[in-house]
Amino acid sequence: MNDTAAPLSASVSTPLFAWWHANARDLPWRFGRTTPWGVLVSEVMSQQTQMSRVVPYWEGWMAVWPDAASLAHASKAEVITAWGRLGYPRRALRLQECARAVADECGDELPRDYDGLTALPGIGDYTASAVLSFAFGERIAVVDTNIRRVLSRLFLGVESRGGAASPAERELANRALPEDAARSVTWNQAVMELGALVCTAKAPACDVCPVAHRCAFLAAGRPGLGERRTRPRQRFQGTDRQVRGIVLDALRKLPGDVRGGNAGAGASLPRVQVERLWKDRAQLDACIASLDEDGLIEIQPDGSLRLPA
DNA sequence: TTCCGGGTTA
DNA sequence: TAACCAGGAA
């Protein structure tokens, strides 16, 4: 390890930072306008989800539950309903489990260290790194799909592969990270933003890229651009994921809790109506069972379904 | 490795 | 049509 070697970012940080300051999207959780908890909520909502879809959900969510303590006291039904059609609703339950852990065990303040963050439900390597960098200003390499793609193209001249991040990709991210903590935060954000807006997966806009003149991928003739980098996905139509979504959406649309003597218990969907949601009875019942196992629904003794209290 | 939503884009 | 998306967990 050569301590005197300049990080890889040195050759491109000036034009990249200028681009960032001129083109960064004005997202509501950026530029110090929210709390670390608000940053965490934005990161969880953004997992496998485009930012443009996240913004309205984040604003509504934070207006109702601005901190971990308030979210900890919500009912599951409220949380699942507020998650709406963002997708992967297990993220909503994990976020609330996380809120309860933070409120009960951490004095309603997020841990400021990697191990403490990754120990929380729903927080893995990416989200922990992002919170440390973006909310706390710590110097840590963030490795997400955008950063993997940009660093691989820019410095190695090849496409990154699908699947989990490799140790080599983490090493590259660490070698690229500026030494100065404040600059490392800008670097993470700028590289990620470049990947989202310019250096996109299918159609990178190299003609407007601020670091095109230093890009190994462009110099090499953009090898492999457009080739399939991930394993063929299962089709969505007819999958368990679609069926689960249909069932959950039906429960979300039920009349809300009347706040009577049955606290937290909303209306339920009768079995007869449940069976109309999907033709394949076996698949429907399997999906209902898996939703129940995930804690996303409750199965009543009479076979009707409802969102959990 | 596979499962977990649902919307957008080329 | 199908890849892709600020991933996490088993």
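In what follows, chains carry the letters A, B, and so on, assigned in the order in which the sequence lines appear, proteins first and then strands, with residues in each chain numbered from 1. All values below were derived from every heavy atom in this structure, side-chain atoms included, with hydrogens, water molecules and symmetry-related copies excluded.
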**OP:** May I ask you to evaluate whether A:Arg241 reaches the phosphate of B:dC3, defined as a side-chain N or O under 4.0 Å from OP1 or OP2?
**Re:** no
**OP:** Using the P atoms only, state how far B:dC4 lies from C:dA6, rounded to an integer number of Å.
**Re:** 22 Å
Original post:
Tell me: CG of A:Leu296 to P of B:dC3, nearest whole Å?
Top reply: 18 Å
Interface polar pairs with nucleotides 8-10 of chain B, N/O, under 3.5 angstrom:
none

**OP:** Decide if atom CD of A:Glu59 counts as having more than 12 heavy atoms of other residues, nucleotides or ligands within a radius under 6.0 Å.
**Re:** yes
Original post:
Looking only at side-chain N and O atoms, does A:Arg244 come under 4.0 Å of OP1 or OP2 in B:dG6?
Top reply: no
Subject >> Candidate nucleotides C:dC4, C:dA6, B:dG5, ranked by approach to the side chain of A:Ala201 - the nearest >> reply: C:dC4
Subject >> Residues in side-chain contact (heavy atoms from CB on, under 4.5 Å) contact with A:Ala141, at least two apart in sequence or another chain >> reply: A:Ala173, A:Asn174, A:Leu177
Subject >> Closest listed nucleotide, where the reference is the side chain of A:Asp240 and the choices are B:dC4, B:dG7, C:dG7 >> reply: B:dC4
Original post:
Over how many whole Å does the gap from A:Arg149 atom CZ to C:dC5 atom C1' extend?
Top reply: 9 Å
Original post:
Expressed in angstrom and rounded to an integer, what is the separation of A:Leu86 atom CG from C:dC5 atom C1'?
Top reply: 13 Å
Provide a list of protein-nucleic acid N or O atom pairs under 3.5 angstrom, restricted to nucleotides 8-10 of chain C.
| residue | atom | partner | partner atom | Å |
| --- | --- | --- | --- | --- |
| C:dG8 | OP1 | A:Gly124 | N | 2.9 |
| C:dG8 | OP1 | A:Thr127 | N | 3.0 |
| C:dG8 | OP1 | A:Thr127 | OG1 | 2.6 |
| C:dG8 | OP2 | A:Tyr126 | N | 3.3 |
| C:dA9 | OP1 | A:Gly122 | N | 2.7 |

Original post:
For A:Gln242 and B:dG6, what is the distance between atoms CD and C1' respectively, to the nearest whole Å?
Top reply: 10 Å
**OP:** Pick the P atom in B:dG7 and in C:dG8, then give their distance to the nearest Å.
**Re:** 22 Å
Original post:
C:dA6 phosphate, OP1 or OP2: any side-chain N/O from A:Thr145 under 4.0 angstrom?
Top reply: no
